[in-house]
Amino acid sequence: MERIEDAGVYKLTEELAIIQTVDFFTPVVDDPFTFGQIAVANSLSDVYAMGGKPLTALNIVCFPIQSMDILFLREILKGGIEKMKEADVVLAGGHSVDDQELKYGLAVTGIIHPGRVLRKEGSQPGDRLILTKPLGTGIISTAIKAGLASPEVAEKAARTMATLNRKASEIMLEVGARSCTDITGFGLAGHAAEMIEGTATGIVLYADSIPILPGTRELAEMGMIPGGLYRNRDYRQPIVQINTGVSEFLSDIIFDPQTSGGLLISIAPEKAEILLERLHQAGVQEVSLIGEVTASSAGRIVVVPGRT
Amino acid sequence: MKIVDARNLPCPEPVLKNKQALEATSGETITILVNTPEACQNVQRFARSQGCTVEILEKEGEYVLEISKTGIHEAHEKSAAPVLLITSDQLGTGDEALGQLLLTTFINTLGETKPRPARMLFINRGVMLTTEGSRVLDTLLQLEKEGVQILSCGTYLNHYQLKDKLKVGKITNMYDTVNSLLTAERVIRV
């Protein structure tokens, strides 16, 4: 594959390819068990985004053995294993190193049909864009570090991050998506940009349809903005056009770096409603149609206040 | 004058340093040093959300932020005057037009009566009174001139995209609102 995709795909036969990805990071929540769950959901996400089925995983651990209680690590791994079970992924081993800063994640191997790989590219003008999880985890994680997120806000964000993209992935394959990526560190705008970069198509996003975690706006107004949001914005500003009527908050949130964010799915217009309905039925509650692919403004993202 | 050095600190630490300094001071100006544009913006956002005024000086990649506690916090300390919490555009329940008329009369009467409240918090449909089309704007502007803080719920304004229709007072958030109510000696819910 010529472009950078969410995961690496290696064709074994005409029918079978392996798909591999690795991701690990520092804690985004205070509770170790929950952090373990989130790290696993996040690591598996790249496989789901491409339409693959993860099978095995290897733990990657960096742990400050001198300064932190080993019980903490045990809880993280317990959370991780629980999430792997939920995903029907087998833990095949792992490796740990002594490090001043705690980090946890996985190297994941899965399978995929080489002819049915969902890439980032491939959207057609008129395609609808569907996002399966609300935004705001970057801002809320920043506030958690500062001790300014309320327990309810932190808890809801943690549950969102710990949710597997598995169901969303399976359903989009059944309904027939055109292309897909998952929303992580570059934020919605950054990952959306990757879908259309260098193509003849553009993207329109409806600001009022973008799902957002409760509490995010208040925390953003209090300056709980992660450095990554500013970097994402500076990097993508040249290709992102914010139309009048879009609030400052909404023009910021599209750059919020996400941990274990949702899938951004591009799908033919006639299938969009079916996909939304199926996702709702399967319990993907906060899924939303947030925009569409256009034949105009090639390679650019235009954010409008709402769908007209 | 208090100087806080928050240079070379990752977000959100500069904001926390600012918060601690604001909580520890009674009214003086705080000077915060930061050396990234992100930290500068975040500290500024936080200070504004707390009702402070902020002046920024940039010099060779370093930012000096002068933060003055005005408004809200001064009022917290000196005020035994009540806080009015207004969560609707009507007074009482019943006929809508009558309820609206009653609230209009209430606010206008408030404008002619002493003592003044310390603060008036407009939440949910209460925001109808501080935005374009309100029938009590003159009274509220007069009250504000006399030092009564008029604060409108930012969430409501954003939700109905009314931010540029706000005609009197400042925008507030839930953090400030909760803080205002908890630190007030008396809250009157209208």
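Below, each value reflects all heavy atoms present in this structure, side chains not excepted, and no hydrogens, waters or symmetry copies. Just so you know, these numbers come straight off a predicted model, no measurement behind them.
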Discussion item. Under the rule for ring pair (Phe, Tyr, Trp, His ring centres under 6.0 Å), what residues qualify as partners of B:F106, not counting sequence neighbours?
Written reply: none

Discussion item. Side chain to side chain contact (heavy atoms under 4.5 Å, CB included) for A:I225 and B:Q41? Distances and angles first, verdict last.
Written reply: CA-CA 9 Å; A:I225 311 256; B:Q41 280 206 44; over 6 Å; no

Fill in: Steps toward side chain to side chain contact (heavy atoms under 4.5 Å, CB included) verdict (B:N42, A:Y230)
CA-CA 10 Å; B:N42 284 351; A:Y230 292 110; 2.5 Å; yes

Discussion item. With a 6.0 Å cut-off (strictly less than), is the heavy-atom count around NE2 of A:H280, excluding the residue itself, greater than 12?
Written reply: yes

Worksheet item: What residue, out of A:S247, A:A143, A:G227, A:G223, has the most heavy-atom pairs lying under 4.5 Å from chain B?
Response: A:G223

Fill in: side-chain hydrogen bond (donor to acceptor under 3.5 Å, both in side chains) pairs, two or more places apart, involving residues 91-103 of chain B
B:D89-B:Q100

Worksheet, complete the sentence: Between A:E221 and the options B:I171, B:N173, B:T155, the side chain to side chain contact (heavy atoms under 4.5 Å, CB included) test singles out B:N173

Worksheet item: Has B:R189 got more than 12 heavy atoms of other residues, nucleotides or ligands less than 6.0 Å from its CZ?
Response: no

Worksheet item: Within a reach of under 6.0 Å around CD of B:E55, are more than 12 heavy atoms found that belong to other residues, nucleotides or ligands?
Response: no

Worksheet, complete the sentence: Here the pair of heavy atoms bringing B:P12 nearest to A:T142 is CG-O, 3.4 Å

Fill in: Within 6.0 Å of OH in B:Y63, more than 12 heavy atoms from elsewhere
yes

Discussion item. Using a 6.0 Å cut-off, check whether atom CD of B:E146 has over 12 heavy atoms from anything other than its own residue.
Written reply: yes

Worksheet item: Going by the salt bridge (Lys or Arg N to Asp or Glu O under 4.0 Å) test, which pairs reach into residues 234-251 of chain A, not counting sequence neighbours?
Response: A:E197-A:R236, A:E248-B:R45

Worksheet item: Measuring from B:C153:SG to A:E218:CD, what's the distance to the nearest 0.5 Å?
Response: 8.0 Å

Discussion item. Can you list the residues of residues 286-293 of chain A that sit under 4.5 Å from chain B, counting heavy atoms only?
Written reply: none

Worksheet item: To the nearest 0.5 Å, how far apart are CZ in B:F46 and CG in A:L219?
Response: 11.0 Å

Worksheet item: Is the number of heavy atoms from other residues, nucleotides or ligands under 6.0 Å of A:F249 CZ greater than 12?
Response: yes

Discussion item. Report which part of A:L229 has an atom under 4.5 Å of a heavy atom belonging to chain B: side chain, backbone, both, or neither.
Written reply: neither

Worksheet item: Should we count OH of B:Y156 as having more than 12 external heavy atoms under 6.0 Å?
Response: yes

Fill in: Closest non-hydrogen atom pair between B:V15 and A:M222, with its separation
CG1-O, 3.9 Å

